[in-house]
Number of protein chains: 2
Amino acid sequence: MAIGRRPGISRTREELLTAARRRFADLGYDKTTVRAVAADAGVDPGIVTHFFGTKDAMFRAAMDWPFDPDDFVRAIVGPGRRGMGERLARTFLELWQGAESQPRLLAIFRSASTHEESAALVKEFVHDQLYGRLAEALGGADAELRVDLALSQLLGLAMLRHVLQVEPIASAPVEQVVARIAPTLDGYLRTPRR
Amino acid sequence: MAIGRRPGISRTREELLTAARRRFADLGYDKTTVRAVAADAGVDPGIVTHFFGTKDAMFRAAMDWPFDPDDFVRAIVGPGRRGMGERLARTFLELWQGAESQPRLLAIFRSASTHEESAALVKEFVHDQLYGRLAEALGGADAELRVDLALSQLLGLAMLRHVLQVEPIASAPVEQVVARIAPTLDGYLRTPRR
DNA sequence: GTCTATAATCGGATAGAC
DNA sequence: GTCTATCCGATTATAGAC
């Protein structure tokens with residue numbers, strides 16, 4: 001009694017999503033075509049319409065965050081202020097190394113510059129997830145600005161390292177990069193003395 | 001004897017380039033169409049072919065850097081180590097504020113994620129202009145990595161502030177941002193003691 | 001659930017008249 | 001230098017057969 005897939009529910013949908021993630025990650029939203037995704041999955045383009053309706057809906061279905069925002073924030077701020085920059089840097093960079101998470105992140109950020117939906121995903125995450133709990137945990141009148149500064153460091157790192165792939169930083173070990181940027185993040189996140 | 005434009009050399013070419021810069025800056029390479037650029041300039045799409053040949057050639061013609069790399073590097077490293085982070089931050093941020101330079105920078109960086117030519121422009125600049133003279137001026141075995149780290153901070157800032165336009169950092173005054181990131185840049189650029 | 005056929009549109013590029 | 005007309009390919013999306 002093998003635990004096979006239930007009959008009638010094909011794996012095609014999942015294969016389409018996997019193919020879509022790879023295309024969106026490598027090429028961005030605009031250059032990714034429904035036809036190519038369907039071809040990668042070995043099916044007809046009409047199937048995409050059947051399952052998702054539109055290219056945009058397929059993008060939304062494929063592009064959920066590869067982590068739970070609650071867990072993410074808790075892992076960073078939970079243990080307290082000490083070592084927060086280091087935890088943030090390491091958690092972030094390891095997400096970008098992961099075989100599952102990297103394509104999703106690449107797709108979102110590669111598309112964010114030109115695709116409104118991707119940009120909205122990023123902004124919503126920052127606004128709804130980070131400002132609420134992270135900024136509150138930090139304290140200080142300009143907590144949101146300080147969160148933005150830390151984000152700018154992380155975002156730029158991801159762009160240079162994983163999107164543009166500029167050397168030597170693209171090939172630097174995670175721990176080396178963590179050691180360098182952790183003090184920067186701590187500096188931004190630390191509550192300013194009045 | 002007014003110094004007018006020479007007869008026979010129309011201003012159409014310049015108007016096309018201006019329109020192209022605005023389109024590329026707002027929409028990125030993929031979503032910018034030759035037809036729309038021509039319409040903005042009030043001429044027929046065929047004129048684009050006449051002047052530039054291809055869309056890609058028009059992009060190249062429009063996308064020269066809005067500053068002289070030599071001057072840029074000299075302004076940063078010339079006066080010496082003291083205040084280098086601050087000069088770098090201010091020079092960079094003011095370029096992003098300028099009415100002439102911002103559209104060019106926006107176009108390049110908005111397109112860099114998905115357009116190979118834009119990404120190559122960025123990489124060439126980093127490689128040919130920065131590593132050569134900046135890294136040399138900094139000293140230390142890992143000078144290029146430290147330049148990358150400083151770039152990651154600047155690039156992320158530009159993305160968050162000008163491309164994604166995340167608040168509150170998008171509306172923060174230049175001097176406030178300069179004051180915050182200058183210490184970060186100095187930390188990266190400072191020659192490590194052995 | 002899957003595919004064929006096709007509609008409707010839009011893209012970049014070209015040829016040639018004026 | 002500029003425009004008209006057009007080619008040709010590619011794209012998303014739809015209708016309907018199997």
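Here is the naming used below: chain letters follow the sequence lines, and residue numbers restart at 1 for every chain. Bear in mind the structure is a predicted one, so any value in this text is a computation, not a measurement.
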A/Ile47 side chain, from C-beta outward: closest of C/dT14, D/dT14, C/dT2: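 My answer, after comparing the listed nucleotides, is C/dT2.
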Proximal nucleotide (of D/dT2, C/dC3, C/dT14) relative to the B/His50 side chain: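 Per side-chain heavy atoms of B/His50, the pick is D/dT2.
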Between B/Asp56 and B/Tyr29: side-chain donor-acceptor atoms closer than 3.5 Å: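 A donor-acceptor contact under 3.5 Å links the two side chains.
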Distance-only polar pair, side chains of A/Arg180 and A/Gln176, donor-acceptor under 3.5 Å: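 The answer is no; no qualifying pair exists.
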Rounding to a whole Å, what distance do you find between [X]:[atom1] and [N]:[atom2]?
X: B/Lys55; N: C/dC10; atom1: NZ; atom2: P; value: 15 Å
X: B/Met58; N: C/dG11; atom1: CE; atom2: C1'; value: 13 Å
X: A/Leu16; N: C/dC3; atom1: CG; atom2: C1'; value: 14 Å
X: B/Asp56; N: C/dG11; atom1: CG; atom2: C1'; value: 14 Å
X: B/Arg35; N: C/dG12; atom1: CZ; atom2: P; value: 7 Å
X: B/Phe59; N: C/dG12; atom1: CZ; atom2: P; value: 14 Å
X: A/Arg11; N: C/dT2; atom1: CZ; atom2: P; value: 12 Å
X: B/Asp44; N: C/dA17; atom1: CG; atom2: C1'; value: 13 Å

Sugar-phosphate, base or nothing in reach of A/Val43, heavy atoms under 4.0 Å: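 It contacts sugar-phosphate atoms only.
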Touch class at under 4.0 angstrom, heavy-atom based, for A/Phe51 against every strand present: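 A/Phe51: backbone/sugar contact only, no base atoms under 4.0 Å.
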Non-hydrogen atoms of A/Ser113 and B/Val163 that approach each other most closely: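 Taking A/Ser113 first and B/Val163 second, the nearest heavy atoms are CA-CG1, 4.1 Å.
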Evaluation steps, ring pair (Phe, Tyr, Trp, His ring centres under 6.0 Å), between A/Phe109 and A/His162: CA-CA 10 Å; A/Phe109 285 98; A/His162 295 287; over 10 Å; no
DNA chain D: 5'-proximal contact among A/Thr33 and A/Gly53 (nearest heavy atom):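 Here A/Thr33 is the residue nearer the 5' end.
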B/Thr12 vs D/dT2: side-chain N/O to OP1/OP2 distance below 4.0 Å: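 It does, given that an N or O in the side chain of B/Thr12 lies less than 4.0 Å from OP1 or OP2 of D/dT2.
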